[in-house]
Amino acid sequence: MSGPVRVFRVEDLLDADPTPGMHRRRAFELERLWVGQVTTAPGAVSGWHHHDVNESSLYVVSGILRLEFEGHEGWLDARPGDFVHVPAHTVHRESNPADEPSLAVIARAGGGIPTVNVDPPPGRWDG
């Protein structure tokens with residue numbers, strides 16, 4: 001019989017919340033919490049998206065996670081050991097400018113739709 005503490009093995013993660021250019025895998029989801037990981041291939045650029053009412057936090061395990069977001073010119077790079085916070089409803093995209101895949105652990109709190117794919121913000125392009 002299992003108790004209140006559970007272990008979610010990497011081989012048991014489920015593909016989830018597709019956005020072009022990213023591979024998200026869910027470990028578990030509760031009423032107001034989504035936890036998983038995202039892998040971004042070298043040179044990949046994701047589609048523009050937001051996470052509804054969810055506050056999203058990422059911890060970069062390996063590689064470089066580049067973020068572009070509405071209201072900011074240019075980008076921000078997060079490297080292994082860095083934490084990233086993406087506020088609810090923030091339209092953004094991730095990319096990986098490095099030669100190796102990036103891997104980040106994700107925790108989303110709020111209970112909204114995990115991922116909403118959208119058109120690029122005004123003045124931005126996809127690609």
Side-chain angles (χ1 to χ4, degrees):
M1 175 176 261
S2 67
V5 175
R6 297 181 288 167
V7 173
F8 297 86
R9 306 265 180 228
V10 68
E11 61 269 16
D12 297 328
L13 300 182
L14 301 172
D15 289 346
D17 307 325
T19 294
M22 306 179 79
H23 183 209
R24 291 189 192 94
R25 296 175 59 200
R26 183 181 66 236
F28 67 91
E29 185 171 11
L30 304 173
E31 183 180 343
R32 298 182 53 82
L33 178 65
W34 188 103
V35 177
Q37 67 181 29
V38 61
T39 303
T40 307
V45 178
S46 80
W48 291 92
H49 60 281
H50 65 80
H51 301 291
D52 194 40
V53 300
N54 298 294
E55 297 287 330
S56 297
S57 297
L58 296 92
Y59 174 77
V60 180
V61 176
S62 62
I64 298 173
L65 184 64
R66 176 167 286 173
L67 293 109
E68 297 175 80
F69 51 95
E70 193 171 29
H72 178 81
E73 291 298 319
W75 59 83
L76 300 176
D77 284 347
R79 292 175 166 45
D82 290 346
F83 289 86
V84 177
H85 175 245
V86 180
H89 301 288
T90 301
V91 174
H92 64 284
R93 70 177 177 179
E94 289 97 336
S95 61
N96 179 359
D99 294 332
E100 64 182 61
S102 67
L103 174 64
V105 174
I106 308 167
R108 289 199 192 101
I113 299 167
T115 302
V116 179
N117 296 308
V118 298
D119 292 331
R124 300 287 183 119
W125 57 95
D126 225 4

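Residues take their numbers from the sequence shown, with the count starting at 1. From a predicted model like this one, the values you see are computed outputs, not experimental measurements.
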Legend entry - Cluster overlap Phe8 with Leu14, hydrophobic side-chain contacts below 4.5 Å: no
Legend entry - Contact check, side chains of Pro114 and Glu29, non-hydrogen atoms, under 4.5 Å: yes
Legend entry - Heavy-atom side-chain contact between Ser56 and His85 under 4.5 Å: no
Legend entry - Atom CD of Glu11: over 12 foreign heavy atoms under 6.0 Å: yes
Legend entry - Joint hydrophobic cluster, Leu103 plus Tyr59, side-chain heavy atoms closer than 4.5 Å: yes
Legend entry - Test item: His50 and Thr90 side chains (from C-beta on) under 4.5 Å apart, heavy atoms: no
Inset, instruction - State, to 0.1 Å, how close Leu58 and Ala104 come at their nearest heavy-atom pair, and which atoms those are. - result: CD2-CB, 4.0 Å
Inset, instruction - Indicate yes or no for a side-chain donor-acceptor contact from Asn117 to the backbone of Pro18 under 3.5 Å, with no hydrogens or angles considered. - result: yes
Inset, instruction - Inspect the surroundings of CG in Asp99 and state if more than 12 heavy atoms from other residues, nucleotides or ligands are less than 6.0 Å away. - result: no
Legend entry - Separation between CG of Asp77 and CG of Leu65, rounded to the nearest 0.5 Å: 8.5 Å
Legend entry - Ile113 atom CD1, over 12 foreign heavy atoms within 6.0 Å: no
Inset, instruction - To the nearest 0.5 Å, tell me how far Glu94 CD sits from Ser46 OG. - result: 5.0 Å
Inset, instruction - Flag the pair Arg108 / Asp17 as yes when at least one side-chain heavy-atom distance between them is below 4.5 Å, and no otherwise. - result: yes
Inset, instruction - Working to the nearest 0.5 Å, report the span between CZ of Arg79 and CG of Asp82. - result: 8.0 Å
Legend entry - Exercise: do His49 and His92 side chains pair donor with acceptor under 3.5 Å: yes
Legend entry - Min side-chain heavy-atom separation His89-Val53 under 4.5 Å: yes
Inset, instruction - Taking all non-hydrogen atoms of both residues into account, name the closest pair between Val61 and Pro80 and its distance. - result: O-CB, 3.6 Å
Inset, instruction - Check Asp119 against Trp48 and note the closest heavy-atom contact, atom names and distance. - result: O-CB, 4.1 Å
Legend entry - From CZ (Phe28) to CH2 (Trp34), nearest 0.5 Å: 10.5 Å
Inset, instruction - Could you go through the side chain to side chain contact (heavy atoms under 4.5 Å, CB included) check for Met22 and Thr39 one step at a time? - result: CA-CA 6 Å; Met22 306 179 79; Thr39 303; over 6 Å; no
Inset, instruction - Check the hydrophobic clustering (I, L, V, M, F, W, Y; side-chain heavy atoms under 4.5 Å; chains of links allowed) and say if Val86 and Val38 are grouped together. - result: yes
Legend entry - Validation row: Pro101, Pro42 side chains within 4.5 angstrom (heavy atoms): yes
Inset, instruction - Establish whether Leu13 and Val105 are linked, either directly or via other cluster members, by ILVMFWY side-chain heavy-atom contacts under 4.5 Å. - result: no
Inset, instruction - Answer whether the closest heavy-atom distance between the side chains of His23 and Asp15 falls below 4.5 Å. - result: yes
Legend entry - Rounded distance (nearest 0.5 Å) linking atom OG1 of Thr115 with atom CZ of Arg24: 3.5 Å
Legend entry - CD on Gln37 to CZ on Arg26, rounded to 0.5 Å: 12.5 Å
Legend entry - Verdict with supporting geometry, Arg66 and Leu76, side chain to side chain contact (heavy atoms under 4.5 Å, CB included): CA-CA 6 Å; Arg66 176 167 286 173; Leu76 300 176; over 6 Å; no
Inset, instruction - Could you tell me whether a side-chain N or O of Asp52 sits under 3.5 Å from a main-chain N or O of Asn54, the two making a donor and an acceptor? - result: no
